[in-house]
Amino acid sequence: MWLNTTASPFLLTGFPGMEKAHHWISIPLLVVYISILLGNGTLLFLIRNNYNLHEPMYYFLAMLAATDLGVTLTTMPTVLGVLWLNHREIGHGACFFQAYFIHTLSIAESGILLSMAYDHFIAICNPLRYSSILTNTKVIKIGMGVLTRAGLSIMPIILCLPWFPYCRSRVLSHAFCLHQDVIKLACANITFNRLYPVVVVFAMVLLDFLIIFFSYTLILKTVMSITSGERAKALNTCVSHICCILVFYVTVVGLTFIHRFGRHAPHVVHITMSYVYFLFPPFMNPVIYSIKTKQIQSGIIRFFSLPHSRA
């Protein structure tokens with residue numbers, strides 16, 4: 001095995017068999033991309049500039065919005081390049097970096113959802129100690145821990161990619177680089193790169209989900225022991241987070257199901273499901289929190305009514 005420095009670039013793929021419609025397909029994708037940028041950018045702006053939102057819950061929401069922006073900005077250039085300009089070539093280094101950031105941010109999102117569950121657990125089950133437990137320093141440490149865990153867990157398989165020879169084909173199956181696509185083109189022993197991601201998924205994403213589920217079991221047990229008025233208020237604070245959890249994990253399960261059991265499905269189904277996985281959660285998260293969180297709603301109303309008040 002040797003370091004591959006002179007190999008031909010990979011070729012990205014849009015929607016096979018629908019090349020003539022690429023420009024039309026790019027229109028709804030561009031609308032979704034712009035909506036994601038505006039929605040998550042607005043959340044970050046509001047949380048940064050509204051003192052009432054300077055609380056651990058909204059700091060974690062800002063982390064979620066930043067992660068969604070990161071995934072979008074990582075995939076958007078190559079997707080639009082393929083659909084608009086038919087620019088399919090991507091160098092090995094750029095491809096590996098893109099794959100690293102895509103997978104790192106995906107695992108980070110799972111960790112952030114777990115952190116938000118921890119925030120709700122402390123707020124409802126131990127409210128008197130909430131401010132002393134979730135200090136600003138603790139929130140920063142949790143955020144750095146989530147990002148470090150994601151980055152280090154993905155690094156081993158990405159570091160292997162430059163050393164593989166690629167002699168079968170140069171054509172990837174998406175308009176962005178994914179680790180599972182790249183290793184299919186390698187002419188080498190890729191056992192580690194096939195097994196390690198499965199371990200990571202089960203050890204982290206599945207474990208995160210189980211801890212979240214256990215946290216909400218304890219939250220529900222606590223909520224059922226308080227008065228009905230306080231019970232409704234406590235449950236309402238969790239609705240937005242539960243919706244985001246469902247959006248994220250349902251798309252993960254859907255993508256996994258298609259890849260494992262939909263081998264005979266048309267290739268366009270696999271590609272479409274990948275876009276749903278990468279675009280649907282970043283699109284929906286700002287919508288969910290804008291609808292279900294009064295503080296975010298009031299911040300948006302004040303932001304858009306400000307020019308009128310000056311006039």
Side-chain angles (χ1 to χ4, degrees), residues 60-61 63-64 66-68 70-71 74-75 99-122 125 141-160 174 176 178-184 190-221 238-263 265 269-270 273-285 288:
F60 288 126
L61 178 57
M63 294 178 195
L64 185 65
T67 302
D68 288 339
V71 172
T74 301
T75 59
Y100 175 74
F101 283 112
I102 287 174
H103 294 299
T104 294
L105 293 172
S106 296
I107 291 179
E109 181 147 355
S110 176
I112 293 169
L113 290 173
L114 173 59
S115 303
M116 297 172 81
Y118 175 68
D119 170 75
H120 288 299
F121 171 76
I122 298 298
C125 298
K141 288 181 179 179
I142 291 174
M144 293 299 296
V146 167
L147 188 59
T148 301
R149 182 191 74 157
L152 292 179
S153 65
I154 290 298
M155 193 171 291
I157 54 175
I158 300 299
L159 289 178
C160 291
H174 295 81
F176 40 81
L178 299 174
H179 167 263
Q180 59 266 32
D181 279 350
V182 174
I183 61 170
K184 291 178 182 178
I190 57 173
T191 302
F192 173 77
N193 283 63
R194 284 191 179 278
L195 296 180
Y196 182 84
V198 176
V199 175
V200 169
V201 169
F202 276 95
M204 293 190 181
V205 178
L206 182 60
L207 182 62
D208 288 351
F209 176 78
L210 292 176
I211 296 174
I212 291 170
F213 181 80
F214 180 69
S215 298
Y216 270 102
T217 301
L218 296 178
I219 288 172
L220 186 61
K221 182 179 178 181
C238 299
V239 170
S240 300
H241 182 237
I242 293 173
C243 290
C244 290
I245 291 170
L246 291 175
V247 166
F248 178 76
Y249 284 104
V250 166
T251 54
V252 169
V253 171
L255 184 64
T256 303
F257 184 84
I258 287 292
H259 279 303
R260 295 297 178 189
F261 304 106
R263 296 178 181 177
V269 174
H270 291 261
M273 194 61 210
S274 296
Y275 281 106
V276 170
Y277 171 72
F278 287 114
L279 296 179
F280 190 60
F283 177 80
M284 287 302 300
N285 290 341
I288 291 169

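By convention here, the first residue in the shown sequence is residue 1. Hydrogens, waters and symmetry mates are skipped; everything else that's a heavy atom, side chains included, is used.
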Shortest non-hydrogen pair, P281 vs V247, comes out as CA-CG1, 3.6 Å

Check: M284 and T251 side chains under 4.5 Å, non-hydrogen atoms:
no

Gap between atom CD1 of I142 and atom CG of L147 - 0.5 Å precision
14.0 Å

Sequence neighbours excluded, which residues qualify as ring-ring contact (aromatic ring centres under 6.0 Å, His included) partners of F192?
Y196

Taking only residues two or more places apart in sequence or in another chain, which ones pass side chain to side chain donor-acceptor pair (under 3.5 Å) with N193?
H179

May I ask you to test the L113-F209 pair for a side-chain heavy-atom distance under 4.5 Å?
no

Which atom names give the shortest non-hydrogen contact between I157 and P197, and what distance separates them?
CD1-CG, 4.0 Å

Once you round to the nearest 0.5 Å, how far does CZ of R149 lie from CD1 of I154?
10.5 Å

Do C243 and V239 have side-chain heavy atoms sitting under 4.5 Å apart?
yes

Is it the case that the side chain of S274 and the backbone of H270 share a donor-acceptor pair, with hydrogens and angles ignored and the cut-off at 3.5 Å?
yes

For F280, does its backbone N or O pair with a side-chain atom of Y275 as donor and acceptor, under 3.5 Å?
no

Derivation and outcome, side chain to side chain contact (heavy atoms under 4.5 Å, CB included), residues N285 and E109
CA-CA 11 Å; N285 290 341; E109 181 147 355; 3.5 Å; yes

Locate the shortest heavy-atom distance separating S153 from V200; write the atom from each residue and the value.
O-CG2, 4.1 Å

In Å and rounded to the nearest 0.5 Å, what is the CG to CD1 distance from L105 to I112?
8.5 Å

Return the set of residues passing side-chain contact (heavy atoms from CB on, under 4.5 Å) with L159 (not counting sequence neighbours), or none when no residue passes.
M155

T74 meets the side chain to side chain donor-acceptor pair (under 3.5 Å) criterion, sequence neighbours left out, with none

From L178 atom CG to F278 atom CZ, the distance as rounded to the nearest 0.5 Å
5.0 Å

Once rounded to the nearest 0.5 Å, what's the spacing between atom CG of L114 and atom CD1 of I211?
5.5 Å

Please examine the side chains of Q180 and H103, heavy atoms only from C-beta on, and report whether any two atoms are closer than 4.5 Å.
yes

Please give me the minimum heavy-atom distance between S215 and F121, naming the atom from each residue.
O-CD1, 4.1 Å

Give me the atom names and distance for the closest heavy-atom approach of P282 to L279.
CD-O, 3.4 Å

Shortest non-hydrogen contact between T104 and A150, atoms and distance
O-CB, 3.3 Å

With R194, which residues qualify under salt bridge (Lys or Arg N to Asp or Glu O under 4.0 Å), at least two apart?
none

Is there side-chain contact between L64 and M116, with at least one heavy-atom pair below 4.5 Å?
yes

Step through it carefully: locate the ring centre of Y118, locate the ring centre of F60, and say whether they are under 6.0 Å apart.
no

Y216 meets the side-chain contact (heavy atoms from CB on, under 4.5 Å) criterion, sequence neighbours left out, with A117, H120, I212, I219, C238, H241, I242, I245

